[in-house]
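Letters go in sequence order (proteins before strands), and every chain restarts at 1. Keep in mind that what you see is a predicted model, and the values were worked out from it rather than measured.
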Number of protein chains: 4
Amino acid sequence: MSTNSFGRLFTVTTWGESHGPALGATVDGCPPGVRLDAAMLQVWLDRRRPGQSKYTTQRQEADQVSILSGVFEGVTTGMPIQLMIENTDQRSKDYSDIAEKFRPGHADITYWQKYGIRDYRGGGRSSARETAARVAAGGVARAALQVLAPELTITGYMVQMGPHRIDRSRFDPAEISRNPFWTPDAEAAALWEDYLGQLRKDGNSVGAVVEVVAAGVPAGLGAPVYAKLDTDIATAMMSINAVKAVEIGAGMAAAELTGEENADEISIGTDGQPAYSSNHAGGILGGISTGQDVVCRFAVKPTSSILKPRKTITRTGEATEIVTKGRHDPCVGIRAVPVGEAMLACVLLDHILLHRGQVGGNQGRIG
Amino acid sequence: MSTNSFGRLFTVTTWGESHGPALGATVDGCPPGVRLDAAMLQVWLDRRRPGQSKYTTQRQEADQVSILSGVFEGVTTGMPIQLMIENTDQRSKDYSDIAEKFRPGHADITYWQKYGIRDYRGGGRSSARETAARVAAGGVARAALQVLAPELTITGYMVQMGPHRIDRSRFDPAEISRNPFWTPDAEAAALWEDYLGQLRKDGNSVGAVVEVVAAGVPAGLGAPVYAKLDTDIATAMMSINAVKAVEIGAGMAAAELTGEENADEISIGTDGQPAYSSNHAGGILGGISTGQDVVCRFAVKPTSSILKPRKTITRTGEATEIVTKGRHDPCVGIRAVPVGEAMLACVLLDHILLHRGQVGGNQGRIG
Amino acid sequence: MSTNSFGRLFTVTTWGESHGPALGATVDGCPPGVRLDAAMLQVWLDRRRPGQSKYTTQRQEADQVSILSGVFEGVTTGMPIQLMIENTDQRSKDYSDIAEKFRPGHADITYWQKYGIRDYRGGGRSSARETAARVAAGGVARAALQVLAPELTITGYMVQMGPHRIDRSRFDPAEISRNPFWTPDAEAAALWEDYLGQLRKDGNSVGAVVEVVAAGVPAGLGAPVYAKLDTDIATAMMSINAVKAVEIGAGMAAAELTGEENADEISIGTDGQPAYSSNHAGGILGGISTGQDVVCRFAVKPTSSILKPRKTITRTGEATEIVTKGRHDPCVGIRAVPVGEAMLACVLLDHILLHRGQVGGNQGRIG
Amino acid sequence: MSTNSFGRLFTVTTWGESHGPALGATVDGCPPGVRLDAAMLQVWLDRRRPGQSKYTTQRQEADQVSILSGVFEGVTTGMPIQLMIENTDQRSKDYSDIAEKFRPGHADITYWQKYGIRDYRGGGRSSARETAARVAAGGVARAALQVLAPELTITGYMVQMGPHRIDRSRFDPAEISRNPFWTPDAEAAALWEDYLGQLRKDGNSVGAVVEVVAAGVPAGLGAPVYAKLDTDIATAMMSINAVKAVEIGAGMAAAELTGEENADEISIGTDGQPAYSSNHAGGILGGISTGQDVVCRFAVKPTSSILKPRKTITRTGEATEIVTKGRHDPCVGIRAVPVGEAMLACVLLDHILLHRGQVGGNQGRIG
């Protein structure tokens, strides 16, 4: 299998570099008969698009997606769907600095060591521009999910920027789309504006934590033992640029709990279905969804391309300093929010198809 | 690909249930000509084997592994290697309680809902006994790594039990094998003995954090963008029973860092190779190894099978309570240490082969 | 993916050597709730078992299969099913001749060149004994097919031995199990007895053509363009030892037809479903099943292990001759009949699951 | 894995329909550092391009390929290579006939039954236009093979058209590119001109047999038992549109041989390497290449789109007749020649990488 692919039945293969003519995704395994057009995908791409606030890169990209195959008369045909986004703002600039020096914290050095050649313009294949293709693919997944699991919703938001966490008692879903940080905490948003504004002026950057929640997930998704739903979510999230950690449910904090605290007690809900007293499990037990909210979080490290000078070496091995000018995100975690949502959409659709394939629908009844 | 398989070129497919006649792993893609016998694997299995201290389950399993194929005259042939471990202590007990009720925090309910049938004896396929097969497979990987990357070492240890973290200033590698917790901090070990002893008496359990470090990893392992080395490590670790979070390098803490702090500065070391001022990246940049230590951590939730009564429901949907008797680990994180090591060994070998396959060895020189 | 695996959702990974302690298959992706026990598999294994007539190898193997996992209380659980067959008649003989010389037409030389080590006893991994594992896996597939496609039947038979073809006007399905050649033509069977008897006395061997037909195959199985049903059948059949060609429908003879002759005309049958005037397509159009019989054929080359002396070289490169004593099939095509059936069962089940996964059942109606 | 992908390490995923805006291939796993530009691919595409003689479809397509990713400064980077071919001659015509009726022998009916929607324009995804993407991908494989196996050559040619076989005693490699049929037999070419000219005038079509030979293949390529070199070749060839049979070496004729005749005797050649008295094996023993020529053949059925009226049904189930006007190949086997070559190039490169990955080069020496 291509190392640029993920998924089991619903598969996504991305391609393209930051400053090449175009980038995109080959999406395969989508069920036939799903309504789909470019405008439906554009909605999601517009959420990730750069240059929308002063807190993201100032690169101006329309991120306009074309559907080149797999859709006929506004409906998916079951054939591979080719999604292409042309690069339009590959600013002609002098890349000699990045070409010769390695940015600390960046893929520059490892790509060079491994491949002996790298497209250094804008980070080439290692650029976060690749995530545009994921968001487009996620749009396809969402369209199919609307048919196969119409009650399923996916919501991402930032819960931490640098040392500043949100206060969950102020959690307001309506707030998420009102601030430039996709955060549900209006006070945090205000604080972060100042905090990130200062960092940006200093030519610095900062990390973040993004949480993505899927509600209305059918019970029964996931499979033992290397296709657990949580495993596939971890795979999906960790593959996003700059992600250094993934948590499901209680996450790292599960280590601090006793068995008594951690075990979400079960009862029968008013709908006759199992209900849970809490959700430490993040909606997944034994790798299979319970029907509760699927909850994951991931940490995004700060952008390595900063104006602060950092010590490094040249390709010929000489000591030097590097200052990365250009258009960069002071907190790349912001734009990771729609990316995380897209990845979760892909994983959930994939498991709906996989479940239908092997099992044909849940086999065990309770009550 | 089987949902019970992982790996790209070096693949591991595990099979078997806790209380079936046997369990094991089909290991494929191992290079030919590697010295291998059952005793070499037994060393690793003995580290994971239950019943070795009062802090792990009292089930008595020899965990004796047989090599049924793929080895001839003490050397791997390049053919699939079948590793089998017979179950010997499937205590004949009354499972009616677990058969009818669902343990909160356990796979009982989701397996039932999905499959409509489950081997409830000892957790069946969802039991941590499955990890014995991983440890055996990891032993094969280690044998091959000795040939292909002789300087590579893999060391796992516990860094947190419940709320109690180790003090890294007391880190002593020699201490790891001296205490029943695989922890490098002797004082933590002493504290944990009391702490876990009390929990055990109370019929409770607790979570933990395990760290696994690979030193001597060649630069250049990993591939964009869905076969990043960190992605494949996250996949491997998250697939282990009870794991709820995976971190690479700085992990969740990367969210708190500025770009200036996070970017590990580069210089030329005394060996003429790139050297780094720090290792926030956990030895991986852009998904490709730098040559620094590869560092990952994972959180293990507390065992769900506890003596503390928890509210739950029966298969027929009636409210009830459950108390899980039987032989269970009060801190399953302890036995996850050799499992994490084994998984990292498998991932690293897989990427060495993958790198050799596509690239044929590092192509870029520095200096 | 393991190079010893095949299948997409229903996957089979085989392992083991001719003269090792055991061989088997790890079967994964089987739907849960399918009745299964070892006796059901034994029926199929007994058809392939050696030593049943003077026209197959005289090696005495019970080929008794054990189910080590994935079945609970007589029903599949959806977990991987481990099938093991212990080798019992690994005759202790002197293998020094085969160890040092390469049999012409055999894998001896290529295994040696590639791996630098080979289990030469009985051909090791390249032995046709590996097909016992396929037949056992095929038995699992058949059990699942009985549930998912109860009208589907699979029948294999020999249509040619050496230059002698059957006369299709004498085709009698009932005859197939009455002669030692699985041929539907009683007169051919009589002729072949003499023909093969003479070859056997001469220490020679001969090739054969096997045809396998699946009736009652639902329309709609298969997927563009690299998972066509005919492609997956070709993959499955060509992977069988000694197979050198695979045909679907008209096969090689399709080259001789005009478009007018080849195009199977379509009408509406008495059941209101599409009916076809002929079946040159072998039941597959555009890689997708039509509902007609799926028809494939494969050619099996003659066994290379013969008493006739052949010129060859030793491992040290010296010219020599080889005469292969031991217990060998004069026409290995005979025992390939149940193997071909098993492979077709696996492919069809796999595509039923794949179809259900992506498409969820046929979407287009006629009439 | 996508059902529109093939390959293990060198993977090709094709996408696109006959009459959509474009089609192409995502090629991944190519080694870095290989010289590549669009002109190098165009050479191969021009051989497959339609409209070049009166014996192929008169559709005028430039088949101009663009490289959208994975190449930087004229060299592959190891990243996915996106190859795009825009469709330019999608003649605006009335497709209502094909939209409503099913062509006998064509994918029309099965696509409809399975997916409930099909892009009927020019056959949509089932069109042989998809093979343009294969030829482009094969061009990438050839470029890499030039580096990794510089002595390897791949040559395809037609050996049979309808009932007319070439006379192998007249085989002249130089003749292949001199006639419109890619046949090495000048007399056959002359005969076929008349034969096919007449069929074309009659509005009929005919099948063909194509042979593809790779010389200079290193020994040691291929792997047991489901990744045999011959299995992967069969997979590749059978996936080509209209192919109904694949043969390796002696192919179906192997059934007629005795073991004595079939076993290619081995000696030591003048170069100190193993030499063979014949090549019934088609250069592959036990699924692994011997170093002899790799020889395969495949049968291509006649085009189903013919002017001869054929009985069929409509989507609503009514009996009717169909006459397919439009621009079609009277012998689609002609244009399958460069396609077969491309597929073999892909398979061989894939196995070179796989061999290097697992084994790291041949381990056994002779002499």
Engaged part of C:Thr77 at the chain B interface, taking heavy atoms whose separation is under 4.5 Å: both
Chain C contact via B:Ser2 - which portion, at a heavy-atom distance below 4.5 Å: both
Proximity breakdown for C:Ser66 and chain B, heavy-atom pairs closer than 4.5 Å: neither
Pairs of heavy atoms under 4.5 Å with chain B: top-ranked of C:Pro21, C:Gly20, C:Ser5, C:Gly33: C:Pro21
Contacting moiety of B:Thr11, where chain C heavy atoms sit under 4.5 Å: side chain
Validation row: C:Asp28, B:Thr13 side chains within 4.5 angstrom (heavy atoms): no
Among the listed options C:Arg121, C:Met79, C:Glu73, the residue most often paired with chain B at heavy-atom distances under 4.5 Å: C:Met79
Atom of C:Ile117, atom of B:Thr76 and distance for their closest heavy-atom approach: CG2-O, 3.6 Å
Partner chain C: residue of B:Arg8, B:Met1, B:Gln82 with the largest heavy-atom pair count (under 4.5 Å): B:Gln82
Other residues, nucleotides, ligands: >12 heavy atoms within 6.0 Å of B:Glu86 CD: no
Within-4.5 Å side-chain heavy-atom neighbours: B:Thr26 and C:Trp15: yes
C:Tyr111 portion near chain B, given a 4.5 angstrom heavy-atom threshold: side chain
Heavy-atom pairs under 4.5 Å with chain C, option from B:Pro32, B:Pro80, B:Gly124 with the top count: B:Pro80
Atom CD of C:Glu100 with >12 non-hydrogen neighbours under 6.0 angstrom: yes
